[in-house]
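Remarks on the structure that follows.
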Amino acid sequence: MSQQTVAVIGSGGREHAIIKAIKKSPLVSKIYCLPGNGGIAADAECVSIGVMETQKIVDFCKEKAIDFVIVAPDDPLAAGTVDALNAAGFKCFGPKKDAAIIESSKIFSKNLMKKYGIPTAAYEVFTESAKAIEYLKTQDMPIVIKCDGLALGKGVIIAETLDEAIEAVKEMMDGGKFGASGANVVIEEFMTGPEVTVLSFTDGNVVIPMVSSMDHKRAHDNDEGLNTGGMGTVAPNPYYTEAIAKECMEKIFLPTIKAMNAEGRTFKGCLYFGLMLTPKGPKVIEYNCRFGDPETQVVLPLLESDLFKIMVATADGTLADTEVKFSDKSACCVIYATKGYPEKYEKGLPMTLPDADAFAARTSTVSDALIYVAGAKKAEDGSLLSNGGRVLGITTVADTLKDAVAASYALTKEVKFDGGFYRNDIGARALKALK
Ligand code: AMP
Ligand code: GLY
């Protein structure tokens with residue numbers, strides 16, 4: 001393969017992690033990020049084209065003779081950006097629209113799992129609120145209500161009481177709280193057990209799981225506060241043993257790839273398995289059609305193989321012949337968010353970042369330290385200003401999870417960001433599980 005010019009679509013910490021990883025490939029000569037952000041600009045040329053501006057993306061790829069496009073976020077994947085790029089002759093990493101539906105419609109994914117016997121919570125689908133409410137009256141609480149479509153991770157309500165459940169159904173189906181995404185709902189059984197994320201590479205022929213990880217979704221310590229996009233991650237996830245991994249491959253990963261093929265919706269790209277390890281075995285909570293954020297920020301630093309080669313192989317269907325190797329080290333990512341997130345927060349707040357490489361060099365336990373920028377813009381004087389809810393992802397890699405957690409916090413304390421906050425207990429649950 002000759003050297004390649006690459007375009008990455010997206011603007012968050014996940015995209016920054018992908019860019020830092022492919023930058024290490026000898027095959028990559030130039031990286032554009034559309035639109036990127038003020039921090040990503042240190043690693044790629046950012047171009048102000050939005051992720052949903054499909055025609056502009058296609059035109060840009062033509063103008064710059066792009067060799068390979070990585071479409072990272074769910075919205076453009078669900079909208080068919082890969083289809084449009086493929087039609088214009090561009091090779092992409094990411095599923096086409098007909099496969100991205102595995103994330104963009106919960107009704108589709110639940111019905112797929114039922115049809116192919118893939119373990120998941122028992123459920124019913126409703127298109128009318130009156131019928132949903134009648135059903136709720138016959139069910140045990142707590143119960144889980146999910147809107148069908150994409151809702152930035154916020155379209156899931158765990159209702160403790162019948163009143164709460166009815167309220168949630170009314171808000172979603174009649175109140176338009178999530179727009180068209182909430183017009184239809186899935187009501188499902190409440191499951192218990194540790195949660196595990198497994199990202200995987202697949203070309204439709206084989207599926208290769210990446211190292212497992214654990215997200216921390218609530219805004220505050222001890223899993224208090226509102227659900228967020230994710231406040232921190234660790235990898236590997238200590239609950240995910242080799243025996244469980246084997247069971248997941250047999251009962252979940254391979255059956256899912258085969259099911260998508262059988263439906264004529266071959267999935268190529270990164271398939272995200274959100275799992276719950278229930279007393280009755282691992283079950284699927286959700287699929288995502290893309291890399292997770294902030295799971296990517298701990299998984300990719302542990303990848304020893306060439307990410308770019310792997311991505312090209314998923315598009316070419318040659319993944320079986322491609323090396324995908326992870327180190328046996330551990331990683332921890334602490335998200336620095338703006339005070340007020342996930343509700344109202346200010347933008348344009350000043351921050352100063354430490355030198356992550358220098359930190360890694362002087363910290364004997366640390367083999368790698370990375371500061372991923374999720375939401376920032378450049379001020380006129382070149383300094384960084386916050387520009388979003390989740391602002392930074394501070395990641396370190398060490399031989400043990402304990403050292404990675406300690407080091408990520410040490411590095412986080414060197415960040416100057418008065419308007420920000422972070423959780424103090426990322427990795428605490430994982431460390432407890434290791435004991
Ligand atoms: P989702 O957007 O589907 O990942 O759901 C968000 C979060 O809600 C998950 O990470 C779980 O913590 C929780 N959740 C979703 N579905 C269930 C379920 N059936 N039982 C228990 N918790 C759930
Ligand atoms: N961290 C969860 C997600 O990316 O959906």
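Worth saying up front: this structure is predicted, and the values here are computed from it rather than measured. Atoms within a ligand are numbered from 1 in the order they appear, just like the ligands themselves.
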Do Y287 and F273 have their ring centres less than 6.0 Å from each other?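 Yes - the distance between ring centres of Y287 and F273 falls below the 6.0 Å cut-off.
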
Before you tell me yes or no, could you show the steps for F308 and F68 under ring-ring contact (aromatic ring centres under 6.0 Å, His included), namely the whole-Å CA-CA distance, both residues' side-chain angles and the distance that decides it to 0.1 Å? CA-CA 10 Å; F308 184 70; F68 194 73; 5.4 Å; yes

Determine the sole option in I101, V185, N184 for which the side chain to side chain contact (heavy atoms under 4.5 Å, CB included) test with I107 is passed.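 Of I101, V185, N184, side chain to side chain contact (heavy atoms under 4.5 Å, CB included) with I107 is met by N184 alone.
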
For the side chain to side chain contact (heavy atoms under 4.5 Å, CB included) test, which of T54, V82, V51 pairs with P76?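 That would be V51.
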
Taking the non-hydrogen atoms of G274, is any one of them nearer than 4.0 angstrom to ligand 2?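 No heavy atom of G274 comes that close to ligand 2.
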
Ligand 2 contacted by G230 (non-hydrogen, < 4.0 Å):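 Outside the 4.0 Å threshold, so no.
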
Between L85 and C61, does the side-chain contact (heavy atoms from CB on, under 4.5 Å) criterion hold? Intermediate values first, please. CA-CA 9 Å; L85 285 162; C61 291; 3.9 Å; yes

Where the side chain of T396 meets the backbone of A404, is there a donor-acceptor pair that is under 3.5 Å apart?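 Judged by distance alone, yes, a pair lies under 3.5 Å.
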
Out of [options], indicate the one that has the non-hydrogen atom closest to [atom].
atom: atom 5 (O) of ligand 1; options: V156, I158, V186; answer: V156
atom: atom 5 (O) of ligand 2; options: R290, E295, E286; answer: R290
atom: atom 16 (N) of ligand 1; options: E189, M191, M276, K146; answer: K146

Of all the non-hydrogen atoms in the protein, which one sits nearest to atom 2 (C) of ligand 2, and at what distance?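 Checked against all protein heavy atoms, atom 2 (C) of ligand 2 sits closest to Y272 OH, 3.4 Å.
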
For side-chain contact (heavy atoms from CB on, under 4.5 Å), just list the numbers for L349 and M351, CA-CA rounded to whole Å, side-chain angles, deciding distance to a tenth of an Å, and then say yes or no. CA-CA 7 Å; L349 304 171; M351 63 178 137; over 6 Å; no

At a 4.0 Å threshold, what atoms of ligand 2 neighbour a non-hydrogen atom of D215?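 The atoms of ligand 2 under 4.0 Å from a heavy atom of D215 are 1 (N), 2 (C).
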
Give the atom numbers and elements of ligand 2 that come within less than 4.0 Å of a heavy atom of G292.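 Listed by number with element: 4 (O).
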
Proximal atoms of ligand 1 relative to F190 (non-hydrogen, under 4.0 Å):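 Once the distances to F190 are compared, the set is 20 (N), 21 (C).
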
Would you mind listing which atoms of ligand 1 come within a distance below 4.0 Å of any non-hydrogen atom of K217?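 It comes down to these atoms of ligand 1: 4 (O), 10 (O).
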
Would you say E188 has any N or O atom under 3.5 Å from an N or O of ligand 1, going by distance alone?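 Yes; the residue has a nitrogen or oxygen that sits under 3.5 Å from a nitrogen or oxygen of the ligand.
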
One residue to check: T197. Relative to ligand 2, which of side chain, backbone, both or neither has a non-hydrogen atom less than 4.0 Å away?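 Within the 4.0 Å criterion, T197 makes no contact with ligand 2.
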
Could R218 and E224 be called an ion pair, given the rule that one side-chain N must be under 4.0 Å from one carboxylate O?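 Salt bridge: no.
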
